[in-house]
Amino acid sequence: KKQLENPKRTKNLSSEDIQGRLSNIIKGQFIDDILHYNLFALDDGGISFTYYIDHEAFDNLKNNILGRKILVTNRHDWTSEEIILAYRGQSKVEYAFRTIKNPYHLSIRPQFHWTDQKIKVHFLICIIGYLLTMVAYMKAKEKAGYQKSVNRFMEELKNIRLSCQVKKKSRKVKYQLETIPKDLRKVANVLGVTDKNIRVPLNVGVYV
């Protein structure tokens with residue numbers, strides 16, 4: 001509109017040109033129902049327009065068309081609240097599948113099995129691993145204030161390593177955690193991984 005009424009413009013557009021441009025602007029879904037315009041002639045012979053919003057059509061769009069979803073279920077014993085919560089929980093299920101498919105951690109894929117029995121066992125182990133991971137992750141979030149993702153959590157757990165020190169003469173074994181960052185040490189304490197409660201059964205004579 002400002003371009004059309006600019007006094008420095010050198011060419012007047014025809015009503016057909018203006019209508020074509022406006023049609024491109026309001027061709028999106030529902031826009032032509034609520035945004036309207038009227039052409040009028042200028043004193044210099046040019047054409048311009050006024051525009052307005054049809055608030056009644058806009059209210060009808062908001063109240064009766066947009067944001068409406070129909071949920072269909074065979075869980076007839078569920079309340080409406082339970083149905084809605086289950087529907088909104090789909091994203092959590094999808095996130096669980098993405099986490100299990102991570103090839104660097106839980107690795108449900110690729111699977112190097114051919115028989116149905118072994119494939120089922122493989123899937124079962126991966127799901128158990130995922131559940132144990134989520135238990136540890138939720139504990140780290142709630143008690144240690146951990147804010148990173150599950151995949152990052154599993155990646156950082158690799159940095160918690162146990163060292164085994166064996167004295168030459170007495171053959172006495174001492175287990176000690178390697179030095180880790182302060183924030184990760186807090187997570188390790190919450191998970192019960194500390195120098196105090198580490199008791200690893202190891203027959204030193206077999207390995208040394």
Side-chain angles (χ1 to χ4, degrees), residues 28-29 62 65-166 173-204 206-208:
Q29 188 179 26
K62 292 187 293 183
I65 300 177
L66 295 181
R68 303 287 177 171
K69 290 185 178 180
I70 298 177
L71 304 181
V72 181
T73 178
N74 60 353
R75 300 284 186 173
H76 303 298
D77 54 327
W78 287 11
T79 64
S80 298
E81 181 181 3
E82 290 173 331
I83 294 172
I84 293 174
L85 289 176
Y87 171 75
R88 292 180 177 176
Q90 287 185 96
S91 60
K92 297 180 180 179
V93 177
E94 293 169 355
Y95 179 76
F97 280 122
R98 288 199 303 271
T99 304
I100 292 176
K101 291 178 181 179
N102 188 313
Y104 300 104
H105 297 132
L106 298 172
S107 302
I108 202 169
R109 292 179 181 174
Q111 57 187 14
F112 302 99
H113 307 287
W114 297 98
T115 63
D116 291 344
Q117 181 187 21
K118 291 184 177 180
I119 291 174
K120 290 178 180 179
V121 172
H122 173 77
F123 273 48
L124 177 62
I125 293 174
C126 291
I127 292 173
I128 293 175
Y130 172 76
L131 293 176
L132 293 175
T133 299
M134 291 307 299
V135 170
Y137 177 68
M138 294 305 297
K139 185 180 291 186
K141 285 188 65 176
E142 295 172 0
K143 297 184 178 181
Y146 192 83
Q147 299 295 328
K148 300 176 184 178
S149 67
V150 177
N151 289 325
R152 185 61 182 171
F153 173 71
M154 288 188 284
E155 195 68 30
E156 291 188 344
L157 287 182
K158 296 179 181 179
N159 297 322
I160 304 177
R161 294 188 294 266
L162 180 67
S163 64
C164 175
Q165 303 174 8
V166 183
V173 179
K174 180 182 178 182
Y175 299 102
Q176 183 176 350
L177 290 177
E178 295 182 3
T179 303
I180 55 178
K182 185 178 180 180
D183 56 341
L184 190 57
R185 192 183 313 127
K186 187 176 181 180
V187 172
N189 290 333
V190 167
L191 298 178
V193 184
T194 63
D195 292 323
K196 296 180 180 179
N197 59 7
I198 291 176
R199 297 290 185 273
V200 180
L202 178 65
N203 187 349
V204 179
V206 176
Y207 299 95
V208 180

Locate the shortest heavy-atom distance separating [X] from [Y]; write the atom from each residue and the value.
X      : Y      : result
Thr133 : Phe153 : O-CE2, 4.1 Å
Tyr95  : Ser149 : OH-CB, 4.4 Å
Glu82  : Asp77  : OE1-O, 4.4 Å
Ile180 : Asn159 : CG2-O, 3.2 Å
Ser163 : Glu178 : CB-CG, 4.4 Å
Ile108 : Cys126 : CA-SG, 3.7 Å

Within a reach of under 6.0 Å around [atom1] of [X], are more than 12 heavy atoms found that belong to other residues, nucleotides or ligands?
X     : atom1 : answer
Gln90 : CD    : yes
Glu81 : CD    : no
Tyr87 : OH    : no

Using 0.5 Å steps for rounding, measure from the CD1 atom of Ile83 to the NE2 atom of His76.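 Separation between the atoms: 9.0 Å.
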Any heavy-atom pair between the side chains of [Y] and [X] that's under 4.5 Å?
X      : Y      : value
Asn151 : Tyr104 : no
Val150 : Asn102 : no
Val121 : Ile125 : yes
His122 : Lys118 : no

Can you tell me which residue pairs pass the salt bridge (Lys or Arg N to Asp or Glu O under 4.0 Å) test with a partner in residues 146-156, sequence neighbours excluded?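 Listed once each, the pairs are Lys148-Glu156, Arg152-Glu156, Glu155-Lys158.
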